[in-house]
Participant: 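Quick one: this structure, given as C-alpha cells, is what I'll be asking you about.
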Amino acid sequence: MTRLQTLQGFYQNHVQPYYQKAHKNREENKPIAWVASTFPIEILQAMDITPIWPENYASVCAARQVSVQLAEVAERHGYSRDLCSYARTVIGSVLTEKTQDLPEGGMPKPNFLVASTAACDTHLKWFQILSHHLKRPLFLLDVPYNTTGADAENLEPQLIRQYVSQLEELAAFLEKQTNNPLDRNKLRKSITLSDRTSKLWLEIQDCRKNIPAPMGARDAFSAIFFMLSTPAAQDAVDFYEKLLDEVKGRARNGVGKIENERYRLIWDNLPMWFNLKFFNYLNNLGAIVVAETFSHVWTGSLDSSKPFESLARKYLPNFANCSIERRIDLILNLTKDFRANLIILPTNWGCRMMSIGEIIVKEAVYKKTEVPSLILDVDSSDSRNYDEYQVKTKLETYLKTLD
Amino acid sequence: MRILQSFRNILSERHDIARSWKNQNKPVIGWNSTYTPEEIIHAMDALPVRILGSTKPTMLADAYLPRNACSFARSTFDLALRSSYAYLDGFVTSNSCDNFNKTYDLWRHCTKIPYFHFINTPHTNTQKAHDFFHQEITRFKESLEETFKTTITNKKIQHSIQLCNENRDLLKKIYDLRKRDTPLINGTETLEIVLSSMLTSKSEHNTLLKQLLKEIETRIDPPKPGVRLLITGSMMGTPDLLNIIESVGGIAVADDLCTGTRYFWTLVQTDKNPIKAISKRYLNKIPSPSRYNWEERVSHIKNMIKQFNVEAVINFLLKFCDTHMFDAPLLTEELKNQGIHVLNVEWEHTRSGIAPIKNRIEAFIETIKGVP
Ligand code: SF4
Ligand code: SF4
C-alpha cells in the first residue's frame, strides 16, 4: 500500500513552494488574485497574475488541524457554525490577529478577488465578505444556471453568449487592475497548456479503470492540486506527465494500490481534508476509491482558437451549476467505466449544493446499475461535524452486505 | 375588525381558492422565489400562488432531504409530497438560493406536476444581466404559451402590470398606517395581508385592500403600541413569529422580508415594451441577500428605519439559510454603527423551532424599552 513515487513529499515539493512563491510575488508587487473555484483561472495565468485559491488554503488548514480554531474566530464574529467550513476557515484566517501562526504564513494579500456564481451561494457571499475586510475589489462572474444540465457540446447558446460577454468584461477589469493588456497570444498559450493538463489528468484517471487500480483517492486528492490552482502552467504539464508514466506503468504491470482489492468505490465531492488517513483505513478494509467526481468535474477540452467560448464550455457544465441530471450521469458513467461496486456520497455540513439531492442520485444510479450508494454525514474541513465512530460503523456494516 | 378576517381566511382557504380557480378551467401555477414575474402568469389568466410552507412537521420530506437543508425549502417540499399541491398545473422557480435550486430537482423527480420552468435570474443588475434576464422572461412567456396553448399579448401583460402595481400601491398605503406614532395596524396583520396577496387574484385582493383602507381609520380595536421594530431575515411564511413579538411588547412596523417589502415595494415602470419593464423591475427590486448588490439591501433597511421610525431590528435567520446568515454579521455591524440595536435569532420553520425563542425576543424588547 505504497504511495506513488511521484507523490512522495507532494506537499513540501509543490504546495509549500506555491505559497512561498506567492509571498515572494507579493513582496515584489506582482499582482495576486484570490480566486474561487469554478473560475476560469486560465485568463489570470495568461496575464501573469498569481492565483491564490482560498479553498485550497482551507484544505491546507484542515490537514494541519487548525481549521476548527480559525472557524471559531469567524464564529466569534457572528458567522454561523452551519455555514461552509471552507468559508469560515478562510474568514477566520483573515480576521485572526495571530497571523504568524497561520500555515504558510497565511495567504498573501490580494490586489483583487475574483469569484463566480457557478458553484454555490457561498462563493458570492464569502468573497464579498473577504473583499469588504481586505478592502480590495471583487469581480463577480455572474454565471447562468445550466438548467438543462447539458454537457459542453449541447449547451444552450444564450448561456455561452452570456458567459463569453462577461469574460470580455473580466479582461477589461484585469487590464485595469494590472495596467497590463491581455495578450491574445499568451491567452492562447494558456488555453493550450490548460487543455494539455486536463487531458493528462484524464489519462491518469483512465488508468484507474484497471483492476487492480494503480492509484487511490488519497493520491488523487493531492495530485489534483495543479488542475485547480494552476492548470495553465508548464509545471502542471511536467508533473502530470511524470505521474502518468508511473500510473501507467503500474497499470501495465498489474500493480495495484492495494494488494487484495475487494471493493471498488466512487467518491463523490470532497474528502474530509482533516482526515485523509480515512482512505488508508478504507484500503485496509480491502476497499479502494477508483474515481472521485471531484477529479472529473474540473476537466474540459479547450480550443485555443476559441479561448473564451471554450472556457464557457468547460465551466458551464460543472455539475455544481447544473440540474441534478448531470451529476447522476457523471456518477453513472464513472460507476460503469470504473467497474465500481459502491458509491460514497459524502454530505458536507455547510454545503447545500453537495448535500441536497443525493438521495435522487442514489436512487437513479441504483435503478440503472444496481450499484448501491452510501450517504455519509461529514464535513470537508470542520472535524466537529464529523463523527468518526458513526461513519466507520455505517461503512463497515455496509461493506459486509456487499460480500 | 371583520375585514381583517377576510385576509386571514384567504390564508386558511388557500387550497380551496386555487381549486375553485381550476374548476373554472383556469390554470394554477405555483412559484417560490420573488424573482418570478407574477405578471406574466397572471396575463394568461392563470392564478399564480406562492408556495409558502407550513409549520407542521416534515416527516415525508425528511426522507429525501439531508439534515442540513433549510426548513422552509423542506416544508414546501413536504407539502408537495403530501399532495397538498396536487392541483398545480405548473411550478416555476428561479435561481434564488442553493436550497431552492437543489430542492427544485427533488420537486421535478418526486411530484407529478405536469409543467416545470426555471427562470435563469442573474445575481447582478448590470446592463448585460438586464439583457439576459429580458430574454429569459421572454422565454418563460413563450414556454407558457406553448404549454398552455394560449397567446399572451402585450395588452394582457400591460393589464396585469397595472393590477399588480395597484396592489403594490395599496399595500404601501397599508404600510403607511404603521408610520404613525400609534400604528393603526400591527405587523402580524400586515404580514397576513401581504401573504394573502400571493394566494388569490390581484383584483380580488385590491378590492379587499380598498375596503380595509376605508374602514381602518375608524378602527375601534387598534393594536397595542410597543417597541417599534423592523423585521428582516429569511423566508417568513407564517405570522407566528410576529405574533410572539407583538404579544411581548413589540410591534413590527417595517420589514425587509421576501414576504414583505422585498416582494412588493418596487413598482413596474411603464415602458413601451412590457416584458422589458417587468424584467427591469425584478432585477432592480430590493435585492435578496443572494444577489450581488448588498449595499442596496443595507440602504433599503436604513431607509425603512428612518421612514418608519424604527427603534430596533430583529433578524430572523432560518437555520441553513446561507445567504442570510452570511449577511448577518456585517449587517449587524453596519446597523450598530448607526446606533440601532439588532437581535439575530436562529429558528426553524416548524412549530418546535418557534417556541423556544420567545424568551430571547422578550428580553430584547425589555432592553430596548430600558434604553433612554
Ligand atoms: S464546499 Fe460547497 S458551499 Fe463551500 S465553497 Fe464548496 S461548493 Fe460552496
Ligand atoms: S429561507 Fe433562505 S435558504 Fe431557505 S429557501 Fe428561503 S432564501 Fe433559501
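Naming convention: chains lettered A, B, ... in sequence-line order (proteins, then strands); numbering from 1 in each chain. The figures here come from the full heavy-atom set of this structure, side chains too, leaving out hydrogens, waters and symmetry mates.
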Participant: Non-hydrogen atoms of chain B under 4.5 Å away: do they reach the side chain of A:A87, the backbone, both or neither?
Facilitator: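 Side chain only.
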Participant: Which donor-acceptor pairs lie under 3.5 Å between chain A and chain B?
Facilitator:
from	atom 1	to	atom 2	distance (Å)
A:S80	OG	B:E346	OE2	3.4
A:D82	OD2	B:K319	NZ	2.9
A:D121	N	B:D98	OD1	3.4
A:D121	N	B:D98	OD2	2.9
A:D121	OD2	B:D98	N	2.7
A:K125	NZ	B:P289	O	2.6
A:K125	NZ	B:D327	OD1	2.9
A:Q128	NE2	B:Y292	O	2.6
A:L138	O	B:Y292	OH	3.2
A:D142	OD1	B:H123	N	3.0
A:D142	OD1	B:H123	ND1	3.1
A:D142	OD2	B:H123	N	2.7
A:D142	OD2	B:T124	N	2.8
A:D142	OD2	B:T124	OG1	2.7
A:Y145	N	B:N120	OD1	2.9
A:Y145	O	B:N120	ND2	2.7
A:Y145	OH	B:K102	NZ	3.1
A:E156	OE2	B:R139	NH2	3.1
A:E169	OE2	B:K128	NZ	3.1
A:A320	O	B:K102	NZ	3.2
A:C322	O	B:K102	NZ	3.3
A:I324	N	B:D105	OD1	3.3
A:I324	N	B:D105	OD2	3.2
A:E325	OE1	B:R108	NH2	3.0
A:E325	OE2	B:R108	NH1	2.9
A:E325	OE2	B:R108	NH2	3.4
A:E325	OE2	B:H109	NE2	3.0
A:N348	O	B:N68	ND2	3.1
A:W349	O	B:N68	ND2	2.9
A:R352	NE	B:D322	OD1	3.3
A:R352	NE	B:D322	OD2	3.0
A:R352	NH1	B:N68	O	2.8
A:R352	NH2	B:D322	OD1	2.7
A:S355	OG	B:N68	ND2	3.1

Participant: Side chain from CB out, backbone as N, CA, C, O: work out which of these in B:A73 comes under 4.5 Å of a heavy atom of chain A, or both, or neither.
Facilitator: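 Interface part for B:A73: neither.
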Participant: Check whether A:I360 gets within reach of chain B through its side chain, its backbone, both or neither, counting any heavy atom under 4.5 Å.
Facilitator: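 Only the side chain of A:I360 comes within 4.5 Å of chain B.
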Participant: With a 4.5 angstrom heavy-atom cut-off, could you sort out which part of A:L138 is near chain B: side chain, backbone, both or neither?
Facilitator: both
Participant: At a heavy-atom distance under 4.5 Å, which candidate from B:A63, B:A69, B:P122 has the highest pair count against chain A?
Facilitator: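 Option with the greatest count: B:P122.
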Participant: Give, as side chain, backbone, both or neither, the part of B:L65 having an atom under 4.5 angstrom from any heavy atom of chain A.
Facilitator: side chain
